[in-house]
Amino acid sequence: MAQIAQVLVDVPTMQTNRPYSYQIPVAWQSQVTPGMRVVVPFGRGKRRVQGFVLKLDETTNYDGDLKAIDAVVDLAPVLNHEALEMTEWLAESTFSFRITCAQTMLPAVMRAKYEKQLRVTAQTTSTVQQTVFKDQTEVPFDDVATTPKAVSDLLRLQADGQVDVYYHVKNQARRKTQLAVKPLLTSSEFTEAETDVRAGATQQLALLKGLATLNGEVLAQKAFTERFGVSEATIRVGAKKGWLEKVAVEVYRDPYATSNIKPTKPLKLNDEQQVAVDQIVTAIEAPKTTTFLLEGVTGSGKTEVYLQAMAAALAQGKTALMLVPEISLTPQMVNRVKGRFGKAVAVLHSGLSSGEKYDEWRRIQRGEAQVVVGARSAVFAPLKNLGLIVMDEEHESTYKQDDAPRYHARQVALWRSRYHNCPVVLGSATPSLETRARAEKGVYQRLVLADRVNRRPMPSVSIIDMKKEMQQHAESNFSAPLLVALQDRLDRHEQSVLMLNRRGYSSFVLCRDCGFVLKCPNCDISLTLHMDTHTMKCHYCGHEEAIPRVCPNCHSRQIRYYGTGTEKVEEELRDLLPDARIIRMDNDTTRKKGAHAKLLAQFGSGEADILIGTQMIAKGLDFPNVTLVGVLNADTALGLPDFRASERTFQLLTQVSGRAGRAEKTGHVYIQTFNPDHYAIRFAKHHDYEGFFKYEMRMRHQGGYPPYYFTVQITASDLDEAVAAKRMYQLLQWLRPRLAPNTIILGPTPKPIARVNRRYYYQIVIKYKQEPNLKQTLTTLLHETQVQQRQGLQIGIDVEPLHFM
DNA sequence: AGCACGCCGACT
DNA sequence: GTCGGCGTGCTC
């Protein structure tokens, strides 16, 4: 019997990024298995932390005294064999801690919360009882230890044995239970009991009849009272008479319980779709680790291909995972999948409460759900026997996590497909260059849906040169042609969608006399005006202050807001088209849970003529009556110092164009831009992905960027700008001789937003073709910089970063 | 991370 | 002398 457990402890540092051996108490030796959470003592004090059992051993090569596991948190492993292996791989490939990776794979509520408490002991004197504990037996350490003096006093008391330090390791995961009625007699016994009750006791008779019909099954109390017309009071009487027992049964928090979803049937496929489905199904049945790139314009029926391929996986007795960008995980999308697969579907996205996420996760874990639809982190869904992984809109940057572990869901999906020996389908109308290039080389198998379902034509696109417009009209967000088109749609009772590209753009306050711009005191960026709260906010650190009435610099009253927010656009449009009914969708109006869906539903049912929004309206929505799409500022992202700016602009414009004319009415798109000749905009006008791909590949080749090179970004930040800069130059010196001669190192440069939260950021970008020792080199780097971490210097490594700013 | 240990200055 | 400041090393 294994008596030693290798435990990964919840202490995210470089030094503790390895398993520690613990003695398993005899009583638990048959119970503890790899993948379970445990509570272990760690460190010289009385600290206790949560940990994951990685493996069991008979022996250990640690020659000190082993400590023993304090508590076992789970009855069954929460990380299976696959997850444990994935932890190792993920930590190594993203340069993050194993414990962080393990926690990332689980619902947030399964992360332990720690509370340091002070407890009374037998030696506690009444004076201490009064001063420290008041009338409690336990107080939070931080409540008492407020000053250095108080801390040293407490330490003395602890040495005296007057107080005891205790760490609570709290599992936040809570199961929801419901009161239920459990019959204690058989049906015939209930029928017999009817003769025993007093004449006229109709309620009790109803209760007995009800209990008899249950045939021993447990039923929720609420359902029982409704079905049999018995009051709670009567149930209490029944419990007293020994007829029934009130029990708590576990229930899942089902976020979609009240929604009424109609079952859907598979649609008839066109030839291209059929070819795609056949190829994928062949790979599922083989089974074979194949990566498909399903390339299809908006409206070409990619989703139907996914659904039918997923159905094939289920038919094989396997499971299916479908990843969708957070933003397109709309009720429409969920309903479509739930309509096809019903109760087999679990949904995971950020809109769920933490309890709902936990319950959905458990349904998957227990094998009660065979289909998972979800955003980025759903890629870790504990599905067993995976038959297919689908990643819709694979080019979306939300698939990359911005903080540690900085993983890309696509990489995780590919890893899992190798583990399960199953195909992956990457779908997009505008694949990322990396993916499309791999398809070109034959690494991925390309499937193309060139036709739109029903042969609908693509919308026509007009490019409007805003430089010319500005010369002719006063400063306005709306060009003359766009306004005419909007008025025309109003007259014809058709709907319009207007998109304001917020990337690289914001409304800030500027003094027209001295040019002063109000900036965040902590960060290096201008504050954004929020009319809803009447404050200036920093989008990076959350700093908030009042809107200035006079310029803080020159005291002029000519301080105005500048730039464009959705609110300002809405205001202007109400002026220009007073009769139009307008709905605005942005972070402010959709913050509340369900607001997003509600606004879309309003627009869908024709309660408004025009929908104004940010990027969030570019995806997933499909309204047949929308015949006009306007992009107010196509090129704000083009000015950003990022080699992916063109790619993002092209993708966004193509995507938003797809919102026009999805039904029998043809659509028209107006793109307002200051760069009408930019290739990203020209190719978007002609819906020419191939043209864009070829052109952009040439640009990437010239610039030495992905997919021709791999990239790694190293960031250093410090409260002192000079320290951050100096360390980065030292790092460059250290790095250069360790890397191949043809590897390019860019920087160090201050990040475009150099200061965030009072810290100064510097970055180095490594571009390489072949660096077999890179992993080792960077790991060494992390180990060597950990000493300086104490002094406040933070080092971050991002493999294949998506944002270079 | 969080804790103990150890080495220096300024106080009862 | 000792209290407590912080730099350093270690956690099974």
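Each chain gets a letter, A, B and so on, in the order its sequence line appears, and its residues count up from 1.
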Legend entry - Sugar-phosphate, base or nothing in reach of A/Asp10, heavy atoms under 4.0 Å: nothing

Inset, instruction - Measure from CD on A/Gln789 to P on B/dG2 and round the result to the nearest Å. - result: 15 Å

Using residues 141-149 of chain A as the side-chain source, report each donor-acceptor pair under 3.5 Å to any protein atom, sequence neighbours left out, with the distance given to one decimal.
residue  : atom : partner  : partner atom : Å
A/Thr147 : OG1  : A/Ala150 : N            : 3.0
A/Lys149 : NZ   : A/Asp153 : OD1          : 3.3
A/Lys149 : NZ   : A/Asp153 : OD2          : 2.9

Legend entry - Pairs touching residues 721-737 of chain A that satisfy salt bridge (charged side-chain N to carboxylate O under 4.0 Å, His left out), sequence neighbours left out: none

Inset, instruction - Remember a base hit wins even if backbone is also touched, and classify A/Pro19 as base, sugar-phosphate or nothing at under 4.0 Å, heavy atoms. - result: nothing

Legend entry - Partners passing ring pair (Phe, Tyr, Trp, His ring centres under 6.0 Å) against A/Tyr399 (at least two apart in sequence or in another chain): none

Legend entry - Separation of atom CE in A/Met14 from atom C1' in C/dT11, rounded to whole Å: 16 Å

Legend entry - Interface with DNA chain C, restricted to residues 109-117 of chain A and to heavy atoms under 4.0 Å: none

Inset, instruction - Pick base, sugar-phosphate or nothing for A/Tyr62, based on heavy-atom distances below 4.0 Å to the nucleic acid. - result: base

Inset, instruction - Answer yes if the side chains of A/Thr398 and A/Glu326 hold a donor-acceptor pair under 3.5 Å, and no otherwise. - result: no

Inset, instruction - Can you tell me the distance, in whole Å, between the CG atom of A/Asp63 and the P atom of C/dT11? - result: 11 Å

Legend entry - Separation of atom CZ in A/Arg47 from atom P in B/dA4, rounded to whole Å: 11 Å

Compile the donor-acceptor pairs under 3.5 Å between side chains in residues 792-800 of chain A and protein atoms, sequence neighbours left out, one pair per line.
residue  : atom : partner  : partner atom : Å
A/Asp798 : OD1  : A/Lys400 : NZ           : 2.7
A/Glu800 : OE1  : A/Thr711 : OG1          : 3.2
A/Glu800 : OE2  : A/Thr711 : N            : 2.8

Inset, instruction - Sequence neighbours left out, what passes salt bridge (charged side-chain N to carboxylate O under 4.0 Å, His left out) with A/Lys67? Give chain and number order. - result: none

Counting only pairs under 3.5 Å, give me each side-chain donor-acceptor contact of residues 79-86 of chain A, with atom names and distances, residues two or more places apart or in other chains.
residue : atom : partner  : partner atom : Å
A/Asn80 : OD1  : A/Glu82  : N            : 3.2
A/Asn80 : OD1  : A/Ala83  : N            : 2.8
A/His81 : ND1  : A/Tyr419 : OH           : 2.8
A/His81 : NE2  : A/Glu85  : OE2          : 3.2
A/Glu82 : OE1  : A/Arg416 : NH2          : 3.2
A/Glu82 : OE1  : A/His420 : NE2          : 3.0
A/Glu82 : OE2  : A/Arg416 : NE           : 2.8
A/Glu82 : OE2  : A/His420 : NE2          : 3.0

Inset, instruction - Would you indicate what A/Arg18 reaches in the nucleic acid, counting non-hydrogen atoms under 4.0 angstrom: base, sugar-phosphate, or nothing? - result: base

Inset, instruction - Compare all side-chain heavy atoms of A/Val73 with those of A/Met36 and state whether any distance is below 4.5 angstrom. - result: no

Is there any protein nitrogen or oxygen under 3.5 Å from a nitrogen or oxygen in nucleotides 4-10 of chain C, and what are the pairs?
residue : atom : partner  : partner atom : Å
C/dG9   : O6   : A/Arg790 : NH1          : 3.1
C/dG9   : O6   : A/Arg790 : NH2          : 2.8
C/dG9   : N2   : A/Arg44  : NH2          : 3.1
C/dC10  : N4   : A/Arg790 : NH2          : 3.2

Inset, instruction - Find the distance A/Asn17:CG to C/dC12:C1' and express it as a whole number of Å. - result: 15 Å

Inset, instruction - Round to a whole Å and report the spacing from NZ of A/Lys55 to C1' of C/dC12. - result: 14 Å

Inset, instruction - Let me know the distance between CD of A/Gln103 and P of B/dA1, rounded to the nearest Å. - result: 13 Å

Inset, instruction - Please answer whether the main-chain N or O of A/Gln6 pairs with a side-chain N or O of A/Ser21 as donor and acceptor at a distance below 3.5 Å. - result: no

Inset, instruction - Could you check how far CD of A/Gln158 sits from P of B/dA4, rounded to whole Å? - result: 7 Å

Legend entry - Pairs where residues 51-79 of chain A contributes a residue and the test ring-ring contact (aromatic ring centres under 6.0 Å, His included) is met, not counting sequence neighbours: none

Inset, instruction - Just jot down the salt bridge (charged side-chain N to carboxylate O under 4.0 Å, His left out) partners of A/Glu115, sequence neighbours excluded, or say none. - result: A/Lys170

Inset, instruction - Return the set of residues passing side-chain contact (heavy atoms from CB on, under 4.5 Å) with A/Thr131 (not counting sequence neighbours), or none when no residue passes. - result: none

Inset, instruction - Kindly say if A/Tyr20 contacts the phosphate of C/dT11, meaning a side-chain N or O under 4.0 Å from OP1 or OP2. - result: no

Restricting both atoms to N or O, compile the protein contacts to nucleotides 10-12 of chain B shorter than 3.5 Å, with distance only.
none

